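Structure first, then comments.
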Protein chains: 2
Amino acid sequence: MSGKTVQAIVNTLKGRGEKITPARKGILEVLASTDQLLNVAEIYEALRTNGVFVNYSTVYRTLDYLSKNNLIEKLVVTGENKYKLLKHREHIHHLICKKCHSTQPFDYCPYDDLKDIIKAKTNFLPLEHRLEIYGYCEECQKKHNSNYK
Amino acid sequence: MSGKTVQAIVNTLKGRGEKITPARKGILEVLASTDQLLNVAEIYEALRTNGVFVNYSTVYRTLDYLSKNNLIEKLVVTGENKYKLLKHREHIHHLICKKCHSTQPFDYCPYDDLKDIIKAKTNFLPLEHRLEIYGYCEECQKKHNSNYK
DNA sequence: CCCCTAGATGCAAATGATTTGCAATTGCAT
DNA sequence: ATGCAATTGCAAATCATTTGCATCTAGGGG
Ligand SMILES: [Mn+2]
Ligand SMILES: [Mn+2]
Ligand SMILES: [Zn+2]
Ligand SMILES: [Zn+2]
């Protein structure tokens, strides 16, 4: 499921005259293979699982590089830096489990209305936003088949 | 404007049998004197401006302490830890300037509807949320009296 | 008011994540 | 195949935050 997306992104990069290196392609493949947000250590480990043995500093530099090129997104979740692939022009938020720390994408966004309200009530010019929801994922609710309400 | 609020909070602490120390009262006063989110260095500096010369580790420990006691809130903004006083039972979000990094509270929250949508569309149990808006504050818009749209 | 002690603080060292300088390597255009 | 700018590995530096421990202190009891 990763193949096509990654190849398309790689072609985008090539079109911009950028170099394609194992670290770059490797990280794109790692991020394309999941819908979870991954932290740096997870990316580093997944890379070597995939046979890509790059240095930690290269992982950091490459994540910066891909972020600046708007191919991935970095977000801070519970004090931890996490990364995800930016597919198409999607705009999504995440549901984050407080127990197992799994994340799942969620495609609804209340920002359009919110933006208008801000403009109406303040002189602030809203441009971007960050929204995350914390709670319990389905598995963790079952596992502790208890009485969260 | 800080006096009454801080005194009320201090009384709350005393009621719980907690000790009131210069660091605790000092940090509460610093946070009560602004509606900005402050980072650790700003809090440290404000303390000594106010004649409270405590160690950095004390600032960290006290911020943890006050957070755990639900008197202040810690939030991560653009990779930086920031703190605010928790007054009453207010629930607000923040408008954060991308230029000058000032923050201003904003009291509208789209979460009620959002929560229902999540429950309708997923098996995730939403409990908390984080929402921040990034853009340009009034001053920064004027200063660069330019053509943001 | 003085004592006493659990808890708070100062200090310096440890930690952990991220960044950086530099020499060696590599992608890719020619 | 060659050349060079960009990328990488490595080790050291940085930076925010945490921690161990000896010393202080807030505030309750006498
Ligand atoms: Mn959104
Ligand atoms: Mn809200
Ligand atoms: Zn979970
Ligand atoms: Zn501003």
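Owing to the predicted nature of the structure, the values given are computational and were not obtained by experimental measurement. Keep in mind that the numbers below use all heavy atoms, side chains included, and drop hydrogens, waters and symmetry copies. Here is how names work: the chains are called A, B, and so on, in the same order as the sequence lines, proteins then strands, and each is numbered from 1.
Nearest nucleotide to the A:Thr58 side chain, out of C:dC11, C:dC28, D:dG9: D:dG9.
D:dT8 atom C1' lies 14 Å from atom CG of A:Leu63, rounded to whole Å. To the nearest angstrom, C1' of D:dA13 lies 15 Å from OH of A:Tyr60. To the nearest angstrom, C1' of D:dG9 lies 13 Å from CZ of A:Arg48. One can place OH of A:Tyr65 at 14 Å from P of C:dG27, the figure rounded to the nearest angstrom. Distance CD1 (B:Ile43) to P (D:dT17): 10 Å, rounded to an integer number of Å. A:Phe53 places its CZ atom 18 Å from the C1' atom of D:dC10, with the value rounded to the nearest Å. The interatomic distance linking B:Asn39 (CG) with D:dC15 (C1') rounds to 13 Å, in whole Å. Between the CG atom of A:Asn55 and the P atom of C:dA23 there is a distance of 17 Å, rounded to whole Å.
Under the 4.0 Å criterion applied to side-chain N and carboxylate O atoms, B:Asp112 and B:Lys115 are assigned as salt-bridge partners. Under the 4.0 Å criterion applied to side-chain N and carboxylate O atoms, A:Lys142 and A:Glu138 are assigned as salt-bridge partners.
An OP1 or OP2 oxygen of C:dT9 is reached within less than 4.0 angstrom by a side-chain nitrogen or oxygen of B:Thr21. The phosphate of D:dT17 has OP1 or OP2 within less than 4.0 Å of a side-chain N or O from B:Asn81. Considering only side-chain N and O atoms, A:Arg61 lies nowhere under 4.0 angstrom from the phosphate OP1 or OP2 of C:dT19. For the pair A:Ser57 and D:dT8, the criterion of a side-chain N or O lying under 4.0 Å from OP1 or OP2 is not met. For B:Thr62, no side-chain nitrogen or oxygen approaches OP1 or OP2 of C:dA8 to under 4.0 Å.
Using a 4.0 Å heavy-atom distance criterion, B:Ala23 is classed as a sugar-phosphate-only contact. Note on B:Tyr44: nothing from the nucleic acid sits closer than 4.0 angstrom, heavy atoms only.
Looking only at side-chain heavy atoms (C-beta outward), A:Leu71 and A:Leu86 stay at 4.5 Å or farther from each other. The shortest side-chain heavy-atom distance between B:Tyr83 and B:Val30 does not fall under the 4.5 Å cut-off. At least one side-chain heavy atom of B:Arg130 sits under 4.5 Å from a side-chain heavy atom of B:Leu75.
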Show me the protein contacts with nucleotides 1-6 of chain C, counting only N or O atoms at under 3.5 Å.
unit_1, atom_1, unit_2, atom_2, d
C:dA6, N3, B:Lys19, NZ, 3.3

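Residue whose closest nucleotide on DNA chain D sits further toward the 5' end, between B:Tyr56 and B:Lys14: B:Tyr56.
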Please assess A:Tyr44 against A:Tyr56 for the test ring-ring contact (aromatic ring centres under 6.0 Å, His included), listing each intermediate value before the final yes or no. CA-CA 7 Å; A:Tyr44 177 87; A:Tyr56 246 108; 4.0 Å; yes

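Aromatic ring centres of A:His129 and B:His93 lie farther apart than the 6.0 Å criterion allows.
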